[in-house]
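Shown next, in structure tokens, is the structure this report addresses.
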Amino acid sequence: MFLLYLCRVRVIIRSRILNNYQFTAQNVKGKWFYQGSTINSGTFIPFQQPCASIKSYRDFLENGNVDVVSYDANCEITSSLTTFWNLNNNNLTLITENENQFIVSIVYQITYLTDTEMQLKQTVVNPDNTIVYLYYYSRF
């Protein structure tokens, strides 16, 4: 009974955060660290940072750029990419150019956002199935 009550309280609190917190560029801006993901509501898959002292991140900048920086086990940058981002209601769009110089646009739905946590949902529709990814980010 107590566990059921805790689950209900968490749902109510989360609902209040979503209802009271605005999906604005100001609230998305800043450095976000990837924590892990789920696929089709499955088990949470934590992201293991390769470098113990520096974390890989996405930095959403005021000018519409987002810097995506990844580090290896030696704490050296393995990839650094600047893309563009746009926010429309709770839809976060990342726009980049792929290796074939085609413009690629990926749309995420922000399903949860606070000062320290962000959850992005990506739905991929294939001819045979639909895959729903939930990506979890945090900042300190």
Side-chain angles (χ1 to χ4, degrees):
M1 178 74 174
F2 181 69
L3 181 59
L4 179 61
Y5 175 75
L6 284 179
C7 291
R8 185 172 178 199
V9 169
R10 184 172 182 192
V11 169
I12 291 170
I13 290 171
R14 183 172 224 182
S15 175
R16 285 186 184 150
I17 291 170
L18 287 173
N19 290 335
N20 294 331
Y21 206 83
Q22 296 186 6
F23 298 112
T24 66
Q26 188 64 36
N27 294 335
V28 172
K29 281 189 293 188
K31 201 175 279 190
W32 292 93
F33 302 96
Y34 180 56
Q35 299 300 313
S37 63
T38 62
I39 301 172
N40 291 333
S41 300
T43 304
F44 179 76
I45 305 164
F47 176 67
Q48 299 297 320
Q49 292 281 350
C51 173
S53 61
I54 305 173
K55 296 180 187 273
S56 300
Y57 63 87
R58 289 184 177 194
D59 193 2
F60 292 87
L61 305 172
E62 190 165 344
N63 65 1
N65 290 347
V66 57
D67 293 334
V68 181
V69 180
S70 299
Y71 295 93
D72 64 15
N74 296 321
C75 300
E76 295 179 6
I77 294 177
T78 57
S79 67
S80 179
L81 171 70
T82 298
T83 63
F84 303 98
W85 68 284
N86 180 40
L87 184 67
N88 183 7
N89 295 316
N90 68 325
N91 292 316
L92 177 65
T93 304
L94 298 183
I95 304 161
T96 190
E97 188 175 294
N98 70 9
E99 62 276 358
N100 298 319
Q101 298 181 335
F102 290 108
I103 301 297
V104 177
S105 177
I106 301 171
V107 179
Y108 300 94
Q109 180 184 18
I110 301 174
T111 57
Y112 184 73
L113 180 64
T114 68
D115 289 335
T116 59
E117 295 179 56
M118 179 168 60
Q119 181 179 320
L120 302 178
K121 177 181 177 182
Q122 180 186 20
T123 303
V124 178
V125 179
N126 297 310
D128 297 340
N129 61 6
T130 298
I131 303 170
V132 177
Y133 298 94
L134 291 177
Y135 302 102
Y136 298 86
Y137 291 86
S138 67
R139 62 178 164 194
F140 312 11

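Below, all heavy atoms of this structure are taken into account, side chains as well, without hydrogens, waters or symmetry copies.
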Interatomic spacing from [atom1] in [X] to [atom2] in [Y] - rounded to 0.5 Å:
| X | Y | atom1 | atom2 | result |
| --- | --- | --- | --- | --- |
| Gln109 | Asn90 | CD | CG | 5.0 Å |
| Gln49 | Tyr34 | CD | OH | 10.5 Å |
| Leu134 | Thr123 | CG | OG1 | 8.5 Å |
| Ile45 | Phe47 | CD1 | CZ | 12.5 Å |
| Thr116 | Arg139 | OG1 | CZ | 8.0 Å |
| Arg58 | Ser70 | CZ | OG | 9.0 Å |

Quick check: do [X] and [Y] have side-chain heavy atoms less than 4.5 Å from each other?
| X | Y | result |
| --- | --- | --- |
| Thr38 | Tyr136 | yes |
| Leu94 | Phe60 | yes |
| Lys29 | Glu62 | yes |
| Val69 | Ser80 | yes |
| Ile77 | Tyr71 | yes |
| Asp67 | Leu61 | yes |
| Leu87 | Ile110 | yes |

Does the plane of the ring in Tyr57 sit parallel, tilted or perpendicular to the ring in Phe33? Use 30° and 60° as the thresholds.
perpendicular

Going only through I, L, V, M, F, W and Y residues with side-chain contacts under 4.5 Å, is there a path from [X] to [Y]?
| X | Y | value |
| --- | --- | --- |
| Ile103 | Ile106 | no |
| Val125 | Tyr108 | no |
| Val132 | Tyr135 | no |
| Val107 | Ile39 | no |

Locate the shortest heavy-atom distance separating [X] from [Y]; write the atom from each residue and the value.
| X | Y | answer |
| --- | --- | --- |
| Cys75 | Ala52 | SG-N, 4.4 Å |
| Trp85 | Leu92 | CE3-CD1, 3.5 Å |
| Glu117 | Trp32 | C-CZ3, 3.5 Å |
| Ser105 | Ile95 | OG-CG1, 4.2 Å |
| Thr111 | Lys121 | CG2-CB, 3.7 Å |

Under 3.5 Å: donor-acceptor pair, side chain of Asp59, backbone of Val66
no

Asp72 side chain to Asn74 main-chain N or O, any donor-acceptor pair under 3.5 Å?
yes

Step through the shown structure and confirm whether more than 12 heavy atoms of other residues, nucleotides or ligands are within 6.0 Å of CZ on Phe44.
yes

Worked check of side-chain contact (heavy atoms from CB on, under 4.5 Å) between Thr93 and Asn88
CA-CA 8 Å; Thr93 304; Asn88 183 7; over 6 Å; no

